[in-house]
Structure formats: structure tokens, C-alpha cells
2 protein chains.
Amino acid sequence: MNISPLLNDFSRQYWPLEEKAVGALKERVIGKRVKKREYILQKGVMCNHFTFVVEGCFKMYKIDDKGKEHNLQFAIENSWIVDYGSFYSEKPSQLFIEALEHSEILQIARNDLFYLYDHFSVFDRNLRIIIEDAFIEQQQRVLQNISSTAEERYLDFLKRYPDLFNRISNVQIASYLGVTPEFLSAIRKKIALK
Amino acid sequence: MNISPLLNDFSRQYWPLEEKAVGALKERVIGKRVKKREYILQKGVMCNHFTFVVEGCFKMYKIDDKGKEHNLQFAIENSWIVDYGSFYSEKPSQLFIEALEHSEILQIARNDLFYLYDHFSVFDRNLRIIIEDAFIEQQQRVLQNISSTAEERYLDFLKRYPDLFNRISNVQIASYLGVTPEFLSAIRKKIALK
DNA sequence: TATTTTTCTTAAGATATCTTATGGGTAGAA
DNA sequence: TTCTACCCATAAGATATCTTAAGAAAAATA
């Protein structure tokens, strides 16, 4: 299995792995191709894998009682996506993870990750840092949700994820921001007129 | 330094420390008393410590350009509070952490924490799990912010933090939920009428 | 105890955002 | 190519939430 995108990410952003750790990881990583609109996680199913996106794009979302989707996270090249709650509690997920494009991923199953944690502390280290970064980013999102208007949140989204907004529809962005597509459209008009 | 509340928390919720790790931790933890309304972090200052609350209650918040406070987090007994962004980036914080009650805390400074990470991998492990839990909780909050009404968010807050809502003012809860105190008052009236 | 500050409530008018409906444009499927 | 589905925009009326102002109750401070 060619896991170099993942190793590169580790050495660029986090702590590089010694040879033995690389070997142990290699044996446990599964590569997959996922077509647009396919799911790698569905509600009611336990989330059994950490997923690293090599190529492509995913959304993780919830469907509420009225049938509306609410996007929690997007993941593109060189990012991780997993329902941490379901993965660690080993309970069925409330969330869906769906490919927005044809994608290539690398996955690690729960038991394999636990093996790696127990035998190479660099995985505790790196995954600690990975989730710390995700936490900080998510904290900014909470802060904006409780303190900013939808227009401010949209402008910040464009600034923060310049690669994403050409790539996904405004419907998806609206769902991420917590507004209706109609209202996002009104916001975009208002911005364009300035 | 008596750090047993912290050690108890580790062994109840996470992985217990071997003796050497306990010793190394003990030498590096600083205990403090903090009076109500005192700050343990202010905007413009780097966040240099992880803080474990032994007794009391804190809020972490931002003040926006209009001078309004927005509560990001509360911390009571046996919980951690830190501005991760400032702590790890070593940049000035945008946030305040202020005591809502007379409190007792245990603190670990950045270099000391790094020492512990490097010499005892159990700290990488435990702090990974601590922030994973915090991430999952915060993710639920994001989901609610983008998908629920203020009334639903308030009812969920009461259910999720039954110990907190007798202890802090509705002004603080409103700021956490992202609504004005006046509107929270209207929500409470509506609920009471049911 | 007396005084000051903070909290909670109420209400009226303003603004942000949603709902529903409609139509045109564009990309994918047959 | 034709058909279908989805996307984006627009608009009118409804609902959620904010702003401002005021007063009474409760808590903190002198």
C-alpha cells in the first residue's frame, strides 16, 4: 500500500515516524476509491475507521427530523475525517459522510489504530496534535456562530477556505453556515452590489 | 503540592500514571486560589498554562468590537480550561478567562507540559483523549448552532449541564447560547407557560 | 443597614432569517 | 439531442431574534 501522502502529511505538519512505525502503519492502512455520492459512513452504522483523504472531497452531515441536511465538516486532500463520537464510543453514528467528488482515501480501522497507539507513542502524539488543530478551528466556528451575522460568517468562510468555495455548491456552503440557500443567495447579492 | 484531584481525574476517566510520572507531574504543577472576577487569562497576553479546576467556576469568552461578551466555555470542578490556540501557537490570546466564583486551580506551564509529553507518553495519551472528548462535545454545539432554534438550544443546555444552570446567571447562559438576555427571558417565559 | 450594582422581566418597534413559490440556467443521464 | 435533476436567483409574507427603554427584584458592597 502506498501511504506516502499520509507520511508526507505527518512529516510536514507533525512528527515524522521511525521506520518501524512506518512499517506497522503500512500493514494496517487500507486504500479505497470512492465514487461521487457514495457514503463511507451512514447513520445507524458504527464509524469504524479514521479516513485520510488523498484526493477528492467529502462532507459529513446530519439529517434532522424535517429531512434537512446540516454540514458539520468538509474534508479535502490531506485532511482527516471521522465521527470521533461514534468511533470511540463504539455506538451507531448519527452522521453521514459522503463523497462530493470521486475520491481516493486511506483508512485505519479501530483495532489497528489502538495497536498503533499502544506500540508507537508517536501516534498518540500526532493524533493529539491533529485533533488539537481541529478543535481550535472548530472553536473559531462556534465563536462566529454565537457572535456574527450570516454575512460575516460567509465572508470568513471564503477567506478561510479559498480552495473549497470554487469546488462545492452554494447549497453545501449554506448548510455549513447554518442558513437557507435562499438567504445565502440574498447575502451574495448584497455583497456583489457593494 | 497536593495534586490528587488531578490524579483522581486521570485514573477515573483516562489512563493512570506510573509513579515516576506522578512525581514528575507533582514537581511541575502550581496551585493557586483565584477570587471571583479575577482573570487567569486576558486578551493580548499569551496563554501560558493548562488549568485544571479543583474547586470553583470559570468562563472563557471574547469581547467583540461592540464590547459584547461571548462565552465560549465554562469550566467547573474537575475540568480543564485553556486557550489551545494561544497556548500552542504562542501568540497573544483573543480571549479572557475569568473566575465566576472563588476558585482553586492547578496549573501546568507550557515548558513543563512539553517536558512531560517528551518523557512520559501517557501525557500525550491522556491529553489526546481529553481534547477528543472536548471536541465531540463542541461538535454537538456546532451542530445545534446551525440546526436548532434558541429554545431547543436552551433546553438542551439545561439537560446537558444540570449542575451549571443553578450556579451561573441567565446572562451568562444567554451569552453561551448566542442570544440576548432579553430573548432568553422570553424563551423562559414561553417554556414556563407550557 | 443603606446603597449600589446586577439580574430578570416586559414590551414595542426594527432587523435578520425562514418559508413557500416561481422561473431560468446548466450539467448529467437516457 | 432530449429529458431530467439540480442549482441559483428573486420576491412576498411569516417568524425568530435584536434593540432600546424601563422598572422591579435580588445580590453585592459600603
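Each chain gets a letter, A, B and so on, in the order the sequences are listed, and its residues count up from 1.
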Distances under 3.5 Å only, N/O to N/O: pair up the protein atoms with those of nucleotides 25-30 of chain C.
none

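Under the 4.0 Å criterion applied to side-chain N and carboxylate O atoms, A:K36 and A:E101 are not assigned as salt-bridge partners. Between B:D133 and B:R128, none of the side-chain N atoms (NZ, or NE/NH1/NH2) sits under 4.0 Å from a carboxylate O, so this pair counts as no salt bridge. A salt bridge links A:R167 with A:E77; the closest basic N to acidic carboxylate O contact falls under 4.0 Å.
Contacts with DNA chain C (heavy atom under 4.0 Å) in residues 180-188 of chain A: A:T180, A:E182, A:F183, listed by number. For the contact set between residues 63-75 of chain B and DNA chain C, defined by any heavy atom under 4.0 Å, there are no members. DNA chain C lies under 4.0 Å from at least one heavy atom of each of the following residues of residues 162-178 of chain B: B:S169, B:N170, B:V171. Taking a 4.0 Å limit (strictly below) on heavy-atom distances, residues 152-159 of chain B does not reach DNA chain D anywhere.
Note: A:L72 CG to B:I146 CD1 = 5.5 Å, rounded to the nearest 0.5 Å. Between atom OG1 of residue A:T51 and atom CD1 of residue A:I81 there is a gap of 7.5 Å, rounded to the nearest 0.5 Å. Separation of atoms CG (B:L95) and CG (A:L143) is listed at 7.0 Å; rounding is to 0.5 Å.
Of all nucleotides in DNA chain D, those with any atom nearer than 4.0 Å to a heavy atom of chain B start and finish, going 5' to 3', at D:dT17 to D:dA28.
Under the 3.5 Å distance criterion, with hydrogens and angles disregarded, a donor-acceptor pair is assigned to the side chains of B:D83 and B:S93. Side chains of A:D124 and B:S121: a donor-acceptor N/O pair is absent below 3.5 angstrom, by distance only. B:S103 and B:E55 share no donor-acceptor pair across their side chains, judged by distance under 3.5 Å alone.
Ring centroid separation for the pair A:Y61 and A:F96 comes in under the 6.0 Å cut-off.
Partners of A:Q144 under the side-chain hydrogen bond (donor to acceptor under 3.5 Å, both in side chains) rule, at least two apart in sequence or in another chain, are A:D156. For A:K59, the side-chain hydrogen bond (donor to acceptor under 3.5 Å, both in side chains) test picks out A:E69, A:Q172, with sequence neighbours left out. With sequence neighbours left out, A:N48 forms a side-chain hydrogen bond (donor to acceptor under 3.5 Å, both in side chains) with A:R110.
Over its length, the helix from C:dT1-D:dA30 to C:dA30-D:dT1 turns its helix axis by 60°, as judged from the five terminal pairs at each end, rounded to 10°.
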Subject >> Intermediate values then yes/no, ring pair (Phe, Tyr, Trp, His ring centres under 6.0 Å), B:F50 and B:Y84 >> reply: CA-CA 9 Å; B:F50 262 63; B:Y84 280 99; 5.4 Å; yes
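Looking only at distances, no side-chain donor or acceptor of A:R188 sits under 3.5 Å from a matching main-chain atom of A:N170. In this structure, the side chain of A:N145 does not engage the main chain of B:N145 through any donor-acceptor pair within 3.5 Å.
Aromatic ring pairs are classed by plane angle as parallel below 30°, tilted from 30° to 60° and perpendicular above 60°; the pair A:Y14 and A:F10 is perpendicular.
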Please list, one pair per line, the donor and acceptor atoms closer than 3.5 Å that link side chains of residues 16-28 of chain B to other protein atoms, with sequence neighbours excluded.
residue	atom	partner	partner atom	Å
B:R28	NH1	B:A24	O	2.9

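Counting side-chain heavy-atom gaps under 4.5 Å among Ile, Leu, Val, Met, Phe, Trp and Tyr, the cluster of A:F74 also holds A:I76, A:L100, A:Y154, A:L155, A:F157, A:L158, A:Y161, A:L164, A:F165, A:I168, A:I173, A:Y176, A:L177, A:V179, A:F183, A:L184, A:I187, A:I191.
A salt bridge (charged side-chain N to carboxylate O under 4.0 Å, His left out) with A:E104 is found for one member of A:K32, A:R33, A:K35 and no other, namely A:R33.
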